[in-house]
Amino acid sequence: MRLSPRYGREVEIEFFDRAADAVAMELLGKLLIRFRDNKPLGGMIVETEAYFGEEDPASRASKGGKIKDLMYREPGYILVYMVHANWLLNIVTGPSEKVSAVLIRAIEPMIGIPEMMDNRGVYEIRKLTSGPGKVTKALDINDEFNRYRVNSEDSPIKILYYIDYEWDEIGRSHRIGVSKDLEEPFRFYIKNNEFVSRV
DNA sequence: AGGAAGATCTACT
DNA sequence: GTAGATCTTCCTA
């Protein structure tokens, strides 16, 4: 791992216009910032999952309904929907002619920790954002965010360069909680990071 | 009306 | 670490 040469800069929109697994892997080590009333909340992304199109049985694209339609928008769009009473934060990826998306499963809390703790009603740092439903609750994110695109001026969510990880510092496993998974594992996480939802 | 859905919390072997 | 109850929304019959 090393500090990214682009540290602090916003990730370009082209970054998201690639297959979900590549984006999911490279999103690790990026900063996820959510601005609430001009105050930043967030931290470093430490766990993600890739979801694909209609051929992926675990993907919303294979299920129909309005979430599917939202998934067909341009790369970089925020995609939030509810599962088991939890909002889950995704970012639409590409390439443009093929649908896919990346689920943000966990971040390492860094910015606005007291506020995030209040949002969650949890004051133990390791339990604060170590799961997709925990992340959205800590960052106060819901389906109203579906109208934003991460690189647009008015977006309350931003993705910034921070740390670059090497391939051997990244762990891989099957996606968590899905009833019908693909053969290839599509969950990515930073090894030895204590804020992943599980090892 | 019924059931599934990328989850979380609690309470323990 | 796992087991079971429970959370809410929306799709399909």
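Chain identifiers are assigned alphabetically (A, B, ...) following the order of the sequence lines, protein sequences preceding nucleic acid strands; residue numbering begins at 1 within each chain.
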Query raised in the report: Side-chain donor-acceptor pair under 3.5 Å between A:Y123 and A:D118, yes or no?
Result: yes

**Report entry** Whole angstrom value for the distance that separates C1' of B:dA7 from CE of A:M82
**Finding:** 11 Å

Query - Touch class at under 4.0 angstrom, heavy-atom based, for A:L103 against every strand present - result: base

Report task. Tell me which nucleotide among B:dC9, B:dT8, B:dG6 gets nearest to the side chain of A:R120. Result -> B:dC9

Query raised in the report: Nearest-Å distance, CG (A:L128) to C1' (B:dA7)?
Result: 16 Å

Report task. Specify the separation, in whole Å, of atom CZ of A:R60 and atom C1' of B:dA5. Result -> 5 Å

Report task. Scan every strand shown for a Watson-Crick or G-U wobble partner of C:dC7, both distances under 3.5 Å, and answer none if you come up empty. Result -> none

Requested in this report: Using whole Å, report how far OH of A:Y51 lies from P of B:dG6.
Outcome: 7 Å

**Report entry** side-chain N/O A:K127 vs B:dC9 OP1/OP2, d < 4.0 Å
**Finding:** no

Query raised in the report: Base, sugar-phosphate, or nothing: which does A:R198 touch, judged by heavy atoms less than 4.0 Å apart?
Result: nothing

Report task. Would you classify A:V102 as touching base, sugar-phosphate or nothing, given that sugar-phosphate means primed atoms plus P, OP1 and OP2, and contacts are heavy atoms under 4.0 Å? Result -> nothing

Requested in this report: Provide, to the nearest angstrom, the distance between the CD atom belonging to A:E144 and the C1' atom belonging to C:dT9.
Outcome: 16 Å

Report task. Could you tell me the separation between the NE2 atom of A:H84 and the P atom of C:dG4, rounded to a whole number of Å? Result -> 15 Å

Query raised in the report: Atom NZ of A:K134 and atom C1' of B:dT8: how far apart are they, to the nearest Å?
Result: 7 Å

Requested in this report: Say whether A:S59 and A:E54, considering side chains only, have a donor N or O and an acceptor N or O under 3.5 Å apart.
Outcome: no

Query - d(NZ, A:K63; C1', C:dC11) in whole Å - result: 11 Å

Query raised in the report: At under 4.0 Å between heavy atoms, what does A:S197 touch on the DNA or RNA strands: base, sugar-phosphate, or nothing?
Result: nothing

Requested in this report: Report yes if the side chains of A:I163 and A:R2 come closer than 4.5 Å at any heavy-atom pair, otherwise no.
Outcome: no

Query - Over-ring placement of A:R175 relative to A:Y51, 6.0 Å and 45° cut-offs - result: yes

Query raised in the report: In Watson-Crick or G-U wobble terms, both distances under 3.5 Å, what is the partner of B:dG6?
Result: none

Query raised in the report: So, is A:S179 close to the B:dA5 phosphate, meaning a side-chain N or O under 4.0 Å from OP1 or OP2?
Result: yes

Requested in this report: Could you tell me whether A:R18 sits above the aromatic face of A:F16, with NZ or CZ closer than 6.0 angstrom to the six-membered ring centre and within 45 degrees of the axis?
Outcome: no

Report summary line: Closest to the side chain of A:A85, out of B:dT8, C:dT8, B:dG6, is C:dT8

